[in-house]
Amino acid sequence: MAVSIELAAPTSLLEVLEHCVLKVPHYRGRELPQPGESAERALARFPLLGKADLRRAFPHGLVPSDRSLANALRSGEVSFVGTSGTSGERVQVLWHQPWWDAQELDGFRLHATMAEVVASSQRREAVLTTPVCSGNLCHVAALPMEERIEGERTLFLNQTVDPTRWRDADVLRMADELERFAPDSLEADPAYLAWFAWRLETLGRTPFQPRFIDVSYEFPTRALLARIERVFRAPVVDTYGSTECGFVFSACEHGLYHHNHAWSHVELVPLERLGDASLLVVTPLGNPWLNLVRFDTGDVVRASAASCACGREGVVLERIEGRLQDFVVAASGALVSVASVDRAIGAPRGLLQWRLTQLEAQRFELELVPDERDALDAAPISTKLETLLGVAPAVRTVRCLPVEASGKFRPCRAEHLDVAALARSAR
C-alpha cells in the first residue's frame, strides 16, 4: 500500500522525461520521447548527470519553469540543503519534506519488521548521525532535548561532530534521552552507533531497545555492525539513499537489497574495470522541485543472480560495493571495492574500526582501532589483505581515526590515484 499524498509531479519514467524536456530548463531542447517509444530507450538519449553538472544547473536549471522557487522558499515549502558527501563531492539540493517522507515510508515497507512498525502513524524515531547535516537540520551546540525534537516525533541525539570525542557525560545524556523518548526506530550512521554502543558497554549502561535500527550515511563495515549488535537486540537494516535521490534501496529480512521502485528508476551501468559490478545511476520520480535525470551516484553495486526468498520483485542487489572513489588498486591492477576489503577483514573480536590507505602503487597502510578490553590479533587480517591486494599492508593500531569534514569516515582511499576517473576512462 503506497502512502497517500498529493505531490503534483510526474510519477512514471516516461512522464518525467517528457516533463523535463518541456518544462525544466536544464533539459530544454532535448528530444521528446517518440510515440510508442519505450521509456528506457528515450532515457538512453540523456547523458549522465554528475555532481559537477548538478552544481552548474542548480537551482533554477532543475526547477520546472511553471513553479516559483522564490515563493516556495519564502513559504517554507522547500529549502536549500547541503549534502553530506566529502568536501569535493558536496552539493546543494532543494529539500521538499513531503516528497522525502512519502518515499521513505514506502522504502521502509521493504523489510518485514520495518513495515510492521511504520504502519503506525504515531511512529517515533531517534537519529544518531553527524550533527552537521542531519537531513536539513544542524545541532552543533548544547541545545536542550526539546529543541532537538522535530515535529514531536523525531529526536536528534548527537551534538558533537566527532564521535571519538564524546565525553562520558555526552554518552550518558544520549542514553537518558533515548530512554525518555522511547522511539520505535533508531536511524543511525553505523560508525556513530558503533562508537555509542562501545562506550555504553564500557560504562555498563544498557540502552533503550527500539524495534528496528536503520543504518545509512556511510558504508556499514562488518566490524561496526558486530559492535552494534553486541549492544542492540533490534534488527539492524542497511538502507541506501541520498539527499539528491531519496530512499532508493533497502535490505530485506533476508539481507538482499530491494529497489523502492515507485520513487525512482535505476540503471546498473557497466564499466569495464568493474567486472560484474555496476555503477548505480538513479532518476528520481515524483519530486516536484528537484528534477534529476540519470544522476550518477558514484556508488557501485552488484546485482543478485537469483531472486530473493522474500518474494519481492523488481531490481534486487546482492550487495553495495561502496563509493567508486573509495576503491583501491591491487598489485595486479584490479580495482578493489570497499566491500571486498571489508569481507577480507571481517569482524574479529577486539576490532572496532579500520582504515586502509593506498600510499603508492604497491604500498598500503592499515590502521586498526582496537577494543582495549579484547586482544586483537592483526596477523590474520594482514594475511587476508595480502591475498586480496597482492601485497601485505603495513599495520598499525591507533586510538581513533580522523573524521572527514562531512562528519563521515572513509574506510578506504587511494592517495595517489583518482580511482573513479581511472574506472570511468577505461573502455
Side-chain angles (χ1 to χ4, degrees), residues 1-5 97-129 134-135 149-157 178 181-194 196-197 207-220 222 224-226 228-229 231-243 245-264 266 282 284-286 301 304 307-320:
M1 176 182 174
V3 68
S4 176
I5 187 166
Q97 194 70 47
W99 177 79
W100 181 271
D101 291 344
Q103 50 86 42
E104 183 182 55
L105 277 175
D106 276 354
F108 281 150
R109 294 187 175 101
L110 296 170
H111 185 284
T113 300
M114 294 199 302
E116 181 183 335
V117 174
V118 302
S120 168
S121 61
Q122 300 301 314
R123 177 177 66 94
R124 291 158 69 88
E125 174 187 58
V127 178
L128 182 63
T129 66
S134 295
I149 296 176
E150 181 186 35
E152 299 184 356
R153 295 199 193 126
T154 303
L155 167 64
F156 293 85
L157 291 165
L178 196 59
F181 194 66
D184 300 287
S185 63
L186 174 59
E187 176 185 320
D189 180 310
Y192 284 70
L193 187 55
F196 184 51
F208 174 84
Q209 300 291 331
R211 294 181 63 188
F212 74 81
I213 296 169
D214 58 299
V215 293
S216 189
Y217 299 93
E218 60 179 288
F219 189 90
R222 298 180 183 207
L224 294 174
L225 292 176
I228 294 166
E229 290 166 354
V231 172
F232 289 93
R233 298 187 301 271
V236 179
V237 184
D238 188 19
T239 61
Y240 173 87
S242 70
T243 312
C245 297
F247 193 117
V248 186
F249 283 94
S250 175
C252 73
E253 54 274 18
H254 297 280
L256 295 183
Y257 295 81
H258 296 267
H259 178 215
N260 192 15
H261 60 83
W263 297 96
S264 65
V266 297
V282 180
L285 307 175
V301 300
S304 175
S307 58
C308 184
C310 75
R312 296 179 180 88
E313 298 180 350
V315 179
V316 182
L317 304 180
E318 177 185 342
R319 62 178 175 266
I320 295 169

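Please read these numbers as outputs of a predicted model, since none were measured by experiment. Count residues from 1 along the sequence.
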Name of the residue among Leu157, Ile228, Val127 meeting side chain to side chain contact (heavy atoms under 4.5 Å, CB included) with Leu186: Leu157

- line: When rounded to the nearest 0.5 Å, the distance separating CZ of Phe196 from CG of Asp189 is 13.5 Å

field: Heavy-atom pair of closest approach, residues Pro220 and Val215
entry: CB-CG2, 4.4 Å

field: Rounded distance [0.5 Å steps], CG in Leu178 versus CZ in Phe208
entry: 6.5 Å

query: If you look at every heavy atom in Ala234 and Pro210, which pair is closest and at what distance?
result: CB-O, 3.1 Å

message: Do Tyr257 and Ser304 make a side-chain contact, defined as non-hydrogen atoms from C-beta onward lying under 4.5 Å apart?
response: no

- request: Indicate yes or no: at least one non-hydrogen side-chain atom of Ser250 is less than 4.5 angstrom from one of Thr239.
  value: yes

query: What heavy-atom pair brings Arg123 and Val117 nearest, and what distance separates the two atoms?
result: CD-CG1, 3.7 Å

task: Return the minimal non-hydrogen interatomic distance between Phe219 and Pro190, and the atom names on each side.
output: O-CG, 4.1 Å

message: To the closest 0.5 Å, what do you measure between CH2 (Trp263) and CD (Glu104)?
response: 11.5 Å

- prompt: What residues form a ring pair (Phe, Tyr, Trp, His ring centres under 6.0 Å) with Phe212, not counting sequence neighbours?
  reply: Phe108

query: Between Phe249 and His259, what is the ring plane arrangement, given parallel below 30°, perpendicular above 60°, and tilted in between?
result: tilted

statement: Here the gap from Glu229 atom CD to Ile213 atom CD1, rounded to the nearest 0.5 Å, amounts to 8.5 Å

message: For residues 253-263, which residue pairs pass the salt bridge (charged side-chain N to carboxylate O under 4.0 Å, His left out) check, not counting sequence neighbours?
response: Glu253-Arg312

Worked check of side-chain contact (heavy atoms from CB on, under 4.5 Å) between Tyr240 and Leu317: CA-CA 11 Å; Tyr240 173 87; Leu317 304 180; over 6 Å; no

- prompt: salt bridge (Lys or Arg N to Asp or Glu O under 4.0 Å) with Arg222: which residues, sequence neighbours excluded?
  reply: Asp342

query: Taking atom CZ of Arg153 as the centre, does the number of heavy atoms from other residues, nucleotides or ligands within less than 6.0 Å exceed 12?
result: yes

message: Can you give me the closest heavy-atom contact between Trp99 and Cys245, atom names plus distance?
response: CH2-O, 3.5 Å

query: In Å, rounded to the nearest 0.5 Å, how long is the span from NE2 of His111 to NE2 of His254?
result: 9.0 Å

query: Does the side chain of Cys310 come within less than 4.5 Å of His258's, by heavy atoms?
result: yes

field: Approximate separation, where rounding is to 0.5 Å, of Glu125 CD and Glu150 CD
entry: 9.5 Å

- request: Could you tell me whether a side-chain N or O of Arg124 sits under 3.5 Å from a main-chain N or O of Phe181, the two making a donor and an acceptor?
  value: yes

- request: Using the side-chain contact (heavy atoms from CB on, under 4.5 Å) rule, take Asp106 and Arg109 through it: C-alpha gap first, then chi angles, then the decisive distance, then the call.
  value: CA-CA 5 Å; Asp106 276 354; Arg109 294 187 175 101; 2.6 Å; yes

query: Which heavy atom in Val248 sits nearest to a heavy atom in Ser264, and how many Å separate them?
result: CG1-OG, 3.9 Å

